[in-house]
Amino acid sequence: MRHLPYFCRGQVVRGFGRGSKQLGIPTANFPEQVVDNLPADVSTGIYYGWASVGSGDVHKMVVSIGWNPYYKNTKKSMETHIIHTFKEDFYGEILNVAIVGYLRPEKNFDSLESLISAIQGDIEEAKKRLDLPEHLKFKEDNFFQVPKNKILNGH
Ligand SMILES: Cc1cc2nc3c(=O)[nH]c(=O)nc-3n(C[C@H](O)[C@H](O)[C@H](O)COP(=O)(O)O)c2cc1C
Ligand SMILES: Nc1ncnc2c1ncn2[C@@H]1O[C@H](COP(=O)(O)OP(=O)(O)O)[C@@H](O)[C@H]1O
Ligand SMILES: [Mg+2]
């Protein structure tokens, strides 16, 4: 496993629309290119860390990297659930993430309910761990100090 933290940003794209509708847990999906550029030593699995949208506030997050065995995806995805209630969707905006810790490997489940409760467990565990000083410090990292014009008008 790579030495964390791992920082990355990219545009939020559409996935299969399952996160909100089937699970009640929306996940902001990164484009294929961002997923393909993950270092080989960032293994698939469920991680936690910090995230912000554009130049917005930094929130706790959980992120899933892999093939979603429950849904048997054929393409690897990287999906971030931000632990915050947003007023509206933010497709097309830049999502900034700092992955600071690993929770567990991806698993298959025998029901949707079991998948949902596993994810809810991940969220509770992430909330606790992110309060530890060793993780809390990354909330203030320079990575998140992005000037507005740089990220809104792009690249
Ligand atoms: C914290 C977290 C843990 C997850 N764990 C698993 C898992 O163990 N197995 C799995 O098949 N999918 C897992 N998922 C992925 C969900 O299946 C996925 O978010 C859902 O299919 C939504 O996909 P969509 O963005 O394409 O709509 C996890 C997602 C999150 C946010
Ligand atoms: N707390 C949140 N965390 C992640 N995405 C959120 C959140 N609140 C709203 N969203 C929006 O919901 C979208 C993800 O919903 P989801 O059902 O997973 O659809 P998709 O399959 O298109 O990724 C995100 O792209 C974002 O615009
Ligand atoms: Mg999603």
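Across every non-hydrogen atom of Lys76 and Val35, the tightest pair is O-CG1, 3.6 Å. Shortest non-hydrogen contact noted between Asn37 and Tyr6 is O-OH, 4.1 Å. Thr80 and Val63 make their closest contact through OG1-CG2, 3.6 Å (heavy atoms, listed as atom of the first residue, atom of the second, distance). Nearest heavy-atom pair, Pro105 versus Tyr102, reported as atom, atom and distance to 0.1 Å: N-OH, 3.0 Å. Considering all non-hydrogen atoms of both residues, Val12 and Leu95 come closest at CG2-CB, 3.7 Å. Closest non-hydrogen pair, Tyr71 versus Gln22, comes out as OH-OE1, 2.9 Å.
Between the side chains of Ser114 and Ser111, at least one donor N or O lies within less than 3.5 Å of an accepting N or O. Defined by atom type and a distance below 3.5 Å, a donor-acceptor pair is present between the side-chain atoms of Asn29 and Thr27.
We find the CG-OH distance between Asp122 and Tyr47 to be 13.0 Å, quoted to the nearest 0.5 Å. A distance of 7.5 Å separates CD1 of Ile46 from CD1 of Ile119, quoted to the nearest 0.5 Å.
Side-chain atoms of His81 never come within 3.5 Å of backbone atoms of Val62 as a donor-acceptor pair (strictly under, hydrogens ignored). Between the side chain of Glu106 and the backbone N or O of Gly45 there is no donor-acceptor pair closer than 3.5 Å. Between the side chain of Asn96 and the main chain of Gly54, a donor-acceptor pair closer than 3.5 Å is present.
Annotation: side chain of Ile65 is not in contact with side chain of Phe30 (no heavy-atom distance under 4.5 Å). In this structure the side chain of Glu32 reaches within 4.5 angstrom of the side chain of Lys75, judged on heavy atoms. Counting only heavy atoms from C-beta outward, the side chains of Lys128 and Tyr48 never approach each other to under 4.5 Å. In this structure the side chain of Val34 reaches within 4.5 angstrom of the side chain of Cys8, judged on heavy atoms. Considering only heavy atoms from C-beta on, Trp50 stays 4.5 Å or farther from His59 through its side chain. Between Val53 and Ile94 the shortest side-chain heavy-atom distance does not fall below 4.5 Å.
The hydrophobic clustering, which links ILVMFWY residues whose side-chain heavy atoms are closer than 4.5 Å, places Ile123 and Tyr70 together.
Under a 4.0 Å N-O distance rule, the pair Glu125/Arg129 qualifies as a salt bridge. At a threshold of 4.0 Å, the pair Asp131-Lys60 counts as salt-bridged, since one of the basic side-chain nitrogens sits closer than that to a carboxylate oxygen.
The aromatic rings of Phe138 and Phe7 stand perpendicular to each other, their planes meeting at an angle above 60°, with 30° marking the opposite boundary.
The environment of CD in Gln145 is crowded: more than 12 heavy-atom neighbours from other residues, nucleotides or ligands sit within 6.0 Å.
Taking the ring axis of Phe143 as reference, the NZ or CZ atom of Arg9 stays within 45° of it and closer than 6.0 Å to the ring centre.
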